[in-house]
Amino acid sequence: MQNISEKIPSIALAILMVITLILCGLFYAGGTESVECTSGSFDAPTHTDSMINWIYILIIVTGIATLGLAGLSFIIKIKKDPKSVIVPTVAMIFLVLMLCITYFGADTTPMSIVGYEGPQEPWVYRITNMCMVTSAILATIATIVTLFGFLLKRFN
């Protein structure tokens with residue numbers, strides 16, 4: 001039989017799933033309210049704000065857990081075998097360098113959005129462009145590595 005420390009992740013996951021299912025049910029079946037905007041009015045789900053806030057919470061918790069466990073793993077590797085962290089360190093340096101290059105090379109031209117009269121901040125465009133270009137570069141690298149890895153494995 002499992003002890004309580006082995007059951008905690010399953011219990012936490014079940015609780016998060018129940019909360020998510022309840023919020024999804026409220027979002028989809030909780031009714032709508034009329035929302036006014038510059039191009040007219042439309043019906044939006046009543047619990048949209050609750051759903052968005054829950055998604056933010058999940059993203060933050062996931063990010064903290066991922067970065068925390070990655071940092072802990074990195075520290076454990078340094079203590080056991082310092083030479084084994086050279087490749088991850090070089091990869092992180094290249095990632096930070098790529099993020100800097102794509103940030104400073106990003107386009108900040110305001111977009112023309114029909115019906116939108118609000119402020120257009122250049123830093124938002126810069127961050128969005130940086131993320132899009134970085135995602136495209138990483139997807140291309142992943143595709144090339146996957147393709148060549150498959151071909152090398154196939155012909156060796």
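Hydrophobic clustering (side-chain heavy atoms under 4.5 Å, transitive across Ile, Leu, Val, Met, Phe, Trp, Tyr) groups Ile15 together with Leu58. By the rule that hydrophobic residues join a cluster once side-chain heavy atoms approach within less than 4.5 Å of another member, Phe104 and Val124 end up as members of one cluster. Ile19 is connected to Ile11 through a chain of hydrophobic side-chain contacts under 4.5 Å among Ile, Leu, Val, Met, Phe, Trp and Tyr, so both are in one cluster. Hydrophobic cluster membership differs between Leu95 and Ile101, with clusters built from Ile, Leu, Val, Met, Phe, Trp and Tyr side chains linked at under 4.5 angstrom.
In this structure, the separation between CD1 on Ile141 and CZ on Phe94 is 10.5 Å, given to the nearest 0.5 Å. Atom CG of Leu138 is separated from atom OG1 of Thr143 by 10.5 Å, given to the nearest 0.5 angstrom. Atoms CD1 and OG1, on Ile127 and Thr108 in that order, are 12.0 Å from each other to the nearest 0.5 Å. From Leu16, atom CG reaches atom CG of Leu21 across 11.0 Å, with rounding to the nearest 0.5 Å. Here the straight-line distance linking atom CE of Met17 with atom SG of Cys24 works out to 9.5 Å at 0.5 Å rounding. Distance check, rounded to the nearest 0.5 Å: CG of Leu72 to CG of Leu67 gives 12.5 Å.
Grouping Ile, Leu, Val, Met, Phe, Trp and Tyr by side-chain contacts under 4.5 Å, direct or through others, leaves Val96 on its own. Leu152 belongs to no hydrophobic cluster, as no Ile, Leu, Val, Met, Phe, Trp or Tyr side chain comes under 4.5 Å of its own. Through side-chain heavy atoms spaced under 4.5 Å, either directly or across other Ile, Leu, Val, Met, Phe, Trp or Tyr residues, Val85 is tied to Phe74, Ile78.
With sequence neighbours excluded, no residue satisfies side chain to side chain donor-acceptor pair (under 3.5 Å) with Asn53. Under the side chain to side chain donor-acceptor pair (under 3.5 Å) criterion, Thr62 pairs with no residue at all, not counting sequence neighbours. Judged as a side chain to side chain contact (heavy atoms under 4.5 Å, CB included), and not counting sequence neighbours, the contacts of Asp43 are Thr32, Ser34. With sequence neighbours excluded, the residues that form a side chain to side chain contact (heavy atoms under 4.5 Å, CB included) with Ile59 are Ile55. In this view, Tyr125 and Gln120 satisfy the side chain to side chain donor-acceptor pair (under 3.5 Å) rule, not counting sequence neighbours. In this structure, the side chain to side chain donor-acceptor pair (under 3.5 Å) partners of Thr20, at least two apart in sequence or on a different chain, are Trp54. A search for side chain to side chain contact (heavy atoms under 4.5 Å, CB included) contacts involving Ala44 returns Val35, Phe42, not counting sequence neighbours.
Annotation: side chain of Tyr56 is in contact with side chain of Ile52 (closest heavy-atom distance under 4.5 Å). Taking the side chain as every heavy atom from C-beta outward, Met98 and Ile137 approach each other to under 4.5 Å.
Each side chain to side chain donor-acceptor pair (under 3.5 Å) pair with one or both residues in residues 77-87, not counting sequence neighbours, would appear here, but there are none. The side chain to side chain donor-acceptor pair (under 3.5 Å) contacts involving residues 90-105 comprise Thr102-Thr134, where partners must be two or more places apart or lie in separate chains.
The heavy-atom pair separating Ala106 from Arg126 by the smallest distance is CB-O, 3.5 Å. The shortest heavy-atom contact between Leu23 and Ser50 is CD2-CB, 4.1 Å.
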